[in-house]
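Below, read A as the first sequence line, B as the second, and so on, with proteins coming before strands; counting in each chain starts at 1. For clarity, every value in this text was computed on a predicted model and none was experimentally measured.
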Amino acid sequence: SSTPKMKKKVLLMGASGSGKTSMRSLIFSNNPASLTARLGATIDVEQNHVRFLGDLVLNLWDCGGQDAFMDSYLTTQKSTIFQQVGVMIYVFDVETREVGKDLEYYRDCLAGLQQFSPDAAIFLLVHKMDLVREPRQPTFDKKKQDLQEASGDADISVFGTSIYDESLYKAWSNIVHTLIPNASILSRHLATFAAACNATEVVLFERTTFLVIATSSSNAASVSETSSGIVELDSKRYERTSELIKAFKHSCSRIREEFRSLELELYDFTAVLDEMTRNTYVMIIVHDPTIEVAALKLNIRLARRKFEELQSDSLVSA
Amino acid sequence: LNVHRSSSDSVARTKILLLGLRRAGKTSIQQVLFNNLPPKQTFYLETTMRIVKHHVDTVIPLEIWDCPANTTVESLGAPLSQFSTIIFVIDIRDLYNQPISKLVEFIVASYSDNPDISLEVFVHKAEKLQEDDKIENFRQIHERVSDRLLDMSPEYEQMQLNFHLTSVYDHSLHEAFSRVLHKLIESLPYLEELLNVFCANSQSPKAFLFDTRSRLYIATDASPVDSATHNLCCDYLQMLNSFGPLYKSITASPSRQRLSGTSTPNIPPPTA
Ligand SMILES: Nc1nc2c(ncn2[C@@H]2O[C@H](COP(=O)(O)OP(=O)(O)OP(=O)(O)O)[C@@H](O)[C@H]2O)c(=O)[nH]1
Ligand SMILES: Nc1nc2c(ncn2[C@@H]2O[C@H](COP(=O)(O)OP(=O)(O)O)[C@@H](O)[C@H]2O)c(=O)[nH]1
Ligand SMILES: [Mg+2]
């Protein structure tokens, strides 16, 4: 492609053992959660370039969290680490026994970021939520409040996550969303496409990570009315879908089969998942029983070019 | 087949006995297969104190008796002749005499009360061991049971015993239980023949007929079952079952509802 590449630097920070490398390997390398137990501590910074949408390249900086490394990020390496950052993701192990030290390092990193990249988006992940006893919400709320206090007037987003469920996909879909500036235009076109297919909903995923890029519905309303009745949509459906497809892709790779597309005809709806553009997959959910799968697949083929254009536009104009 | 009507519900249910020592994994097996319990959650199951009878509706109605470890032929409360199958669960790391004595006790009783009963041994928690140790322990358990039976009387050799390696953490449990189920399905030869015809005409390399909810396969064509393919089918069904509720219809039109309980994903089902 001739359009210039757009690089976004993403900092992944947090105490050693908090789960940074684990989530990276789940989201970007399609590894199952069970394999993360084998990961060793990250030494210094591990840089990775991940081709995301079209010409958007994520430059991931996985910063090993042992004290010696942290101290050097905050002193000698300070400008290298914190300049030109698009997003900083700070990971907190919810079960850590060193809350005080955790927050202290976080405040220092925040100060460094504000000095060198004042416009960077900030995401705080309260991680390993699976280890918290039910009910988990109060624990999360408390943590969130502490983090808000520690952040002063910085604009932050806090998510509870675990590599063992869909919460990780929700957080990361939100993170990448901030990196795709014109996602709302994609959304509008998806809505048009959904109407053309008589679909209840259409969702666009990034191809390798299966993170949600855009959806046809402007709000994530959980009930919608279609020609064939009232449909109840699970509020976690996007991240659950990402998780399910990723897990299934992994199953396919185990028998050296490549995952290509899916057609599910379930009890009360049809779902078609197919390649939309070079970097995306589209999923169409249809409740109308008169709509044939073949028609949906044809529509996808016809929409491809338009979406290729939109995708590169949305990045160039950014 | 030994099918008995119980008074509480009118369908005839095929009875299966689930036996084994304490913490062998009997309740876990029942719950993971038929109650969708995530394998990790089996850790929190409490010890079964008395016999619990579970009604399960797969392709044939089953009644599974989850028995506490101290159950004996006498305390069972029903003659062995009422059961079609005994599944005996042994923890793969448990190489001692106790489970084997218990198993032999039931084999001997079956020999006189119900020689047609299917005897299935689930050598369980297999994922805990490395491949070599797994095979070695499996072989030792098999050998010890045979030796004990032979010591008692050569006539017990007629009792057909089937050994399976199982674990709730992978699909080996589903595969083993499917094989147990096959012996109970009278129409199996016809189903298998239909699948053979299907494969021949559609040039499918493999076909399984699955019960979608339990992810047990009811029949397959004559070509050998390759575990990797079987696992992929189970993964696919797991995804299908989880996917359905995400976009549920409250008032779907009746015409929408074209799929019922079972479907036939032929391989490869999900890849285009
Ligand atoms: N229970 C639970 N464990 C997790 C989760 N995420 C990661 N872990 C475990 O946490 C341990 C440490 O994970 P890493 O990803 O290596 O941690 P890190 O933040 O990269 O650590 P450094 O590289 O030393 O900074 C691993 O054993 C993971 O399996 C989670 O969501 N829940
Ligand atoms: N590693 C492993 N543990 C298992 C497996 N199946 C069951 N368990 C564990 O074994 C323990 C006893 O299981 P339970 O079903 O209560 O045994 P029961 O007394 O025979 O009913 C539980 O802690 C389960 O988590 C398995 O396949 N692998
Ligand atoms: Mg690391």
Side-chain angles (χ1 to χ4, degrees), chain A residues 34 130 164-166 199-201 222-241 243-275 283 285-291 297, chain B residues 38-41 43-44 127-128 167-172 174 204-206 208 212-213 215 225-272:
Chain A
S34 55
D130 59 287
Y164 292 104
D165 63 36
E166 72 284 348
T200 312
E201 191 163 47
S222 57
V223 175
S224 91
E225 216 167 322
T226 69
S227 55
S228 52
I230 298 172
V231 177
E232 192 187 353
L233 305 172
D234 192 301
S235 61
K236 292 180 177 166
R237 63 193 178 280
Y238 303 137
E239 51 268 28
R240 282 286 287 145
T241 304
E243 188 197 15
L244 289 170
I245 306 286
K246 275 296 272 280
F248 186 63
K249 259 179 86 171
H250 184 256
S251 308
C252 292
S253 70
R254 269 204 307 246
I255 66 163
R256 289 186 200 83
E257 285 288 346
E258 198 194 341
F259 172 85
R260 289 271 283 285
S261 70
L262 266 181
E263 291 160 31
L264 305 177
E265 292 204 40
L266 286 118
Y267 186 70
D268 47 21
F269 66 91
T270 301
V272 172
L273 183 78
D274 205 349
E275 290 167 299
M283 181 176 74
I285 302 287
V286 172
H287 284 76
D288 182 341
T290 63
I291 308 283
K297 298 204 83 152
Chain B
K40 271 186 157 182
Q41 298 285 320
F43 183 76
Y44 303 103
E127 99 289 344
K128 284 216 164 178
S167 166
V168 293
Y169 288 101
D170 53 46
H171 299 306
S172 58
H174 286 83
S204 267
K206 186 78 194 152
F208 289 100
T212 44
R213 204 153 40 131
R215 285 181 277 135
V225 174
D226 148 57
S227 286
T229 308
H230 170 262
N231 291 350
L232 184 64
C233 290
C234 284
D235 285 342
Y236 178 72
L237 289 172
Q238 199 162 11
M239 178 182 65
L240 204 67
N241 291 340
S242 316
F243 200 75
L246 299 180
Y247 295 87
K248 216 165 46 195
S249 200
I250 301 175
T251 57
S253 60
S255 59
R256 175 66 251 180
Q257 302 169 357
R258 45 189 166 193
L259 263 182
S260 61
T262 56
S263 70
T264 48
N266 55 325
I267 292 299
T271 47

Pick one of side chain, backbone, both or neither for A/Ala247, based on which atoms fall under 4.5 Å of a heavy atom in chain B.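 The answer is neither part of A/Ala247.
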
Which heavy atom of A/Asp268 sits nearest a heavy atom of B/Tyr247, and at what distance?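 Heavy-atom minimum between the residues: OD1-O, 4.2 Å.
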
Which heavy atom of A/Phe269 sits nearest to which heavy atom of B/Gly244, and what is that distance?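 Heavy atoms only, the tightest pair is CE2-O, 3.2 Å.
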
Starting from the C-alpha separation in whole Å, work towards a yes-or-no answer on side-chain contact (heavy atoms from CB on, under 4.5 Å) for B/Leu246 and A/Leu244. CA-CA 11 Å; B/Leu246 299 180; A/Leu244 289 170; 4.3 Å; yes

Once rounded to the nearest 0.5 Å, what's the spacing between atom NE2 of A/His287 and atom NZ of B/Lys248?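 Answer for the NE2-NZ pair, A/His287 versus B/Lys248, is 10.5 Å.
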
Rounded distance [0.5 Å steps], CG in B/Leu240 versus OH in A/Tyr267: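 OH of A/Tyr267 is found 14.5 Å from CG of B/Leu240.
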
Surrounding NZ of A/Lys236 (heavy atoms of other residues, nucleotides or ligands, distance under 6.0 Å), is the total greater than 12?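 Atom NZ in A/Lys236 is not crowded, with 12 or fewer foreign heavy atoms closer than 6.0 Å.
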
Counting heavy-atom pairs closer than 4.5 Å to chain B, which one of A/Thr241, A/Ile285, A/Leu273 comes out on top?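 Counting heavy-atom pairs under 4.5 Å, the top option is A/Ile285.
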
Evaluation steps, side-chain contact (heavy atoms from CB on, under 4.5 Å), between B/Tyr236 and A/Leu264: CA-CA 10 Å; B/Tyr236 178 72; A/Leu264 305 177; 3.2 Å; yes

